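Note on naming: letters A, B, ... go to the chains in the order of the sequence lines (proteins, then strands), and numbering restarts at 1 for each one. For clarity, every value in this text was computed on a predicted model and none was experimentally measured.
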Number of protein chains: 4
Amino acid sequence: MTTPTPPADKGPADKAPRTERGRRTLRKLLDAAAIEFGERGFHEASITGITRRAGTALGSFYTYFNSKDEIFRALVDDLSGKVREAARSARQQDLPALETERASLTGFLRFASEHKEIYRIIDECEFVDPDSFRLHYRNTARRIHERLAEGIRKGELREDLGEAHAWAIMGMNVFLGLRYAVWSEDAGAEEVAELANSILREGIAKR
Amino acid sequence: MTTPTPPADKGPADKAPRTERGRRTLRKLLDAAAIEFGERGFHEASITGITRRAGTALGSFYTYFNSKDEIFRALVDDLSGKVREAARSARQQDLPALETERASLTGFLRFASEHKEIYRIIDECEFVDPDSFRLHYRNTARRIHERLAEGIRKGELREDLGEAHAWAIMGMNVFLGLRYAVWSEDAGAEEVAELANSILREGIAKR
Amino acid sequence: MTTPTPPADKGPADKAPRTERGRRTLRKLLDAAAIEFGERGFHEASITGITRRAGTALGSFYTYFNSKDEIFRALVDDLSGKVREAARSARQQDLPALETERASLTGFLRFASEHKEIYRIIDECEFVDPDSFRLHYRNTARRIHERLAEGIRKGELREDLGEAHAWAIMGMNVFLGLRYAVWSEDAGAEEVAELANSILREGIAKR
Amino acid sequence: MTTPTPPADKGPADKAPRTERGRRTLRKLLDAAAIEFGERGFHEASITGITRRAGTALGSFYTYFNSKDEIFRALVDDLSGKVREAARSARQQDLPALETERASLTGFLRFASEHKEIYRIIDECEFVDPDSFRLHYRNTARRIHERLAEGIRKGELREDLGEAHAWAIMGMNVFLGLRYAVWSEDAGAEEVAELANSILREGIAKR
DNA sequence: AATGAATGAGGGTTCATTCAT
DNA sequence: TATGAATGAACCCTCATTCAT
């Protein structure tokens with residue numbers, strides 16, 4: 001997660017850096033791009049803005065990326081992977097199914113608090129590279145779905161849960177993250193996660 | 001909802017049409033803009049594209065709108081209102097709280113199936129006019145929150161439900177709409193709504 | 001020959017001017033382009049240079065042409081037609097075959113004297129649009145070939161003349177034009193044409 | 001003709017290679033440049049393309065040449081000399097004047113068949129280094145002119161032949177080479193040369 | 001009101017050349 | 001000598017907006 005994501009190795013020009021200095025420059029560009037795209041959005045962002053933030057010359061950008069689109073896609077990949085990692089590393093082995101969901105959401109909320117740009121970047125992906133956009137959410141839903149299936153196998157969850165329930169849970173998580181991690185200063189990750197977890201445990205009806 | 005939404009009356013120039021002919025041109029422009037923005041997104045869309053679809057001259061656009069942003073905002077207003085209407089008109093008076101939620105979601109899913117462009121337009125709003133974007137979701141969450149409060153008052157819902165639960169429900173609804181109304185051909189609005197409703201009724205744990 | 005050559009009417013955007021003012025601007029751009037390309041060559045020429053010479057705004061260029069390539073091709077077409085016209089209009093009906101060649105060359109040399117840019121533009125065409133380049137010379141050779149065939153039919157020329165002889169004659173004409181019409185100030189079109197004609201009449205051997 | 005053509009020794013930096021290894025690199029660069037310029041033309045060609053073909057690092061280029069122009073000029077020099085050599089070596093001592101011309105053309109056609117890039121490179125020279133371009137053709141015409149003068153001295157050619165006749169002959173040769181050596185696969189050098197020679201012997205009129 | 005030509009700021013991209021290692 | 005990263009000027013093209021008719 002800390003190694004720079006290089007552009008795809010295939011293609012006419014291999015832009016992978018060959019020296020340590022090159023690796024540093026590539027990393028500076030990716031970090032600067034995350035800020036630039038996050039603050040201004042894809043279309044308002046400019047290569048000039050990226051290189052200015054990175055402290056490199058304009059031309060250096062094209063030493064490592066072939067186009068504005070390419071670095072954007074690289075960034076989405078990067079972030080998509082980081083989100084997955086954040087949720088995964090917050091979980092522990094052999095937790096009950098519902099606790100696994102709670103831990104995943106907590107991890108995600110914490111990550112979103114520290115990477116508020118992620119929403120803007122992934123959302124704008126819908127317009128820049130729709131395939132990556134769909135892929136990101138399909139993969140996220142798939143992972144939730146797999147966890148639900150595991151919970152069913154262990155006899156902890158309703159047996160009729162399917163892909164759609166995974167999408168519903170993902171939607172809850174994403175919007176809670178938007179509202180309480182990105183649009184709010186105070187994190188309160190645990191409280192928000194508990195609240196969502198209570199819905200999953202018992203619904204919203206009075207008992 | 002079928003009368004053309006005129007631009008705000010304030011500002012340097014009042015652009016409200018004064019003749020019947022003018023009203024027709026304004027309506028043509030708004031309809032064309034919905035298609036253009038829906039298909040290409042805000043930044044890829046062009047004024048030329050709008051006027052070409054509307055069958056008017058480029059210059060005529062500025063007879064009715066002061067800028068590309070302005071017509072976009074007018075459109076978001078229009079659609080935001082239509083979404084609210086779609087959910088509201090699907091409900092009936094004096095339904096139990098959980099049935100009210102089910103009906104709202106069904107109405108929303110049906111609307112989204114027929115207006116697939118709505119996601120693109122409202123999502124892109126985040127980049128074009130963030131205030132409208134936040135306003136749209138805050139208002140939607142507020143309406144859900146009000147319904148939850150009513151359910152609590154009637155003794156049907158858990159008493160600890162608050163704004164955050166409203167956001168969680170909205171997230172579920174939005175993502176189910178994206179996945180099953182916009183990205184799928186078959187509607188199945190009732191089935192999807194029932195599935196979401198079952199989570200609200202009893203959660204996902206095995207009983 | 002005096003009406004502006006509009007870009008091809010087909011294609012996504014029809015750029016033909018619809019008003020008289022537009023027609024004047026298109027003509028100004030074509031004339032300016034002939035000078036700019038003639039003086040600087042295709043690659044050194046800039047759209048900015050063309051519009052500056054034409055006295056229009058940069059953007060106006062793209063009102064009438066889709067690209068630098070397109071106006072270049074339009075210009076080559078224009079010039080190719082003008083060359084043909086210059087040679088044709090210098091001839092008269094029912095001249096003996098050799099006199100027809102002499103008159104064609106005279107007309108060509110006079111034209112080249114007044115349009116010295118033509119060599120640079122057509123030569124550079126080899127690199128910008130090779131197809132047009134070949135077409136220009138193939139067509140020119142074909143016309144010479146047809147005249148030779150006519151001379152044979154009239155019993156005035158050797159019966160073994162073919163396409164290759166047409167290319168040889170074209171080569172003579174082109175290089176004499178380069179040397180004595182473009183690289184020299186004094187025209188002397190008749191003298192040069194007579195000298196070339198003497199080769200065609202009797203060869204270069206002593207009799 | 002096989003020793004690398006070093007850049008002019010004058011100038012700020014003397015770039016002549018000092019080691020055997022350096023000499024090999026210089027030769028690789030020149031050969032690569034001939035291919036790159038021939039295939040892509042001067043402006044489309046890139047230093048990167050040259051060094052990639054040569055298998056050297058980009059920076060090594062500037063160890064041997066000061067600029068893109070310089071290597072291009074070196075190449076034109078090289079090719080101009082090769083053309084001269086090809087025509088000269090095809091001739092023999094004490095041939096009749098007309099046979100000398102025939103042999104020169106045959107040699108040139110054969111050379112052009114094997115070095116089709118020569119036309120592109122020399123033609124583009126008009127735009128890159130007009131002086132070299134003019135020099136090349138002036139020198140070629142001068143050599144033909146000298147041969148004509150020798151033919152006159154020997155009493156074999158018309159006494160009024162001058163520089164212009166040399167240009168006419170050069171034009172024939174160049175265009176026949178373009179059409180039948182570069183644009184055709186089959187050489188047929190002798191046939192083409194005979195056909196041109198027949199024009200020089202007797203013209204094109206019927207006898 | 002309608003038309004469509006005119007305007008020009010702005011940004012992505014290329015690539016010859018320089019430089020540090 | 002060789003390497004390849006760094007530099008930045010230059011240029012094509014887009015398109016929202018203005019303007020003259």
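- Here the closest heavy-atom approach between residue C:F65 and residue C:A74 is recorded as CE2-CB, 4.3 Å.
- Relative ring orientation between C:F37 and C:F72 is described as perpendicular, the plane-to-plane angle rising above 60° on a 0-90° scale split at 30° and 60°.
- The CZ-P distance, from D:F65 to F:dT1, rounds to 14 Å in whole Å.
- For B:S80, the side-chain hydrogen bond (donor to acceptor under 3.5 Å, both in side chains) partners two or more places apart in sequence, or in a different chain, are B:H136.
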Show your working on salt bridge (charged side-chain N to carboxylate O under 4.0 Å, His left out) between D:R120 and D:E117 and close with a plain yes or no. CA-CA 5 Å; D:R120 282 182 68 97; D:E117 76 276 13; over 6 Å; no
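- Mapping heavy-atom proximity under 4.0 Å, the span of DNA chain E touched by chain B runs 5' to 3' from E:dA1 to E:dA5.
- Legend: residues meeting side-chain hydrogen bond (donor to acceptor under 3.5 Å, both in side chains) with A:D31, ordered by chain and number and at least two apart, are A:R27.
- Here B:G59 lies in heavy-atom contact (under 4.0 Å) with a base.
- For C:T19, the side chain to side chain contact (heavy atoms under 4.5 Å, CB included) partners are C:R21, not counting sequence neighbours.
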Please convert DNA chain E into dot-bracket. A pair counts if it is Watson-Crick or G-U wobble with both distances under 3.5 Å; crossing pairs go in [ ] and bases paired with another strand get |. .||||||||||||||||||||
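- For D:A32, the side chain to side chain contact (heavy atoms under 4.5 Å, CB included) criterion is met by D:I50, D:R53, D:A54, not counting sequence neighbours.
- Within residues 120-130 of chain B, no residue has a heavy atom under 4.0 Å from DNA chain E.
- Nearest-nucleotide positions on DNA chain E for B:R21 and C:T19 put B:R21 closer to the 5' end.
- Annotation: side chain to side chain contact (heavy atoms under 4.5 Å, CB included) contacts of D:L79 (sequence neighbours excluded): D:K82, D:I118, D:I121.
- The structure places CG of A:L75 at 11.5 Å from CD of A:E36, a figure rounded to the nearest 0.5 Å.
- Across the protein-nucleic acid pair, A:R18 atom CZ and F:dA2 atom C1' stand 14 Å apart, rounded to whole Å.
- Counting only heavy atoms from C-beta outward, the side chains of B:E44 and A:H43 approach each other to under 4.5 Å.
- Scored by the side chain to side chain contact (heavy atoms under 4.5 Å, CB included) test, B:R134 finds A:W183, B:R138 as partners (sequence neighbours excluded).
- Taking only side-chain nitrogens and oxygens, D:S60 never comes nearer than 4.0 Å to OP1 or OP2 of F:dT1.
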Between N or O atoms, less than 3.5 Å apart, protein on one side and nucleotides 10-13 of chain F on the other: list the pairs.
unit_1, atom_1, unit_2, atom_2, d
F:dC12, OP1, C:A45, O, 3.2
F:dC12, OP1, C:K68, NZ, 3.2
F:dC12, OP2, C:I47, N, 3.2
F:dC13, OP2, C:Y62, OH, 3.2
F:dC13, OP2, C:K68, N, 3.0

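- Under the salt bridge (Lys or Arg N to Asp or Glu O under 4.0 Å) criterion, D:R24 pairs with no residue at all, not counting sequence neighbours.
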Only distances under 3.5 Å count here; give the side-chain donor-acceptor pairs of residues 125-132 of chain D to other protein atoms, sequence neighbours excluded, each with its distance to 0.1 Å.
unit_1, atom_1, unit_2, atom_2, d
D:D129, OD2, D:S132, OG, 2.4

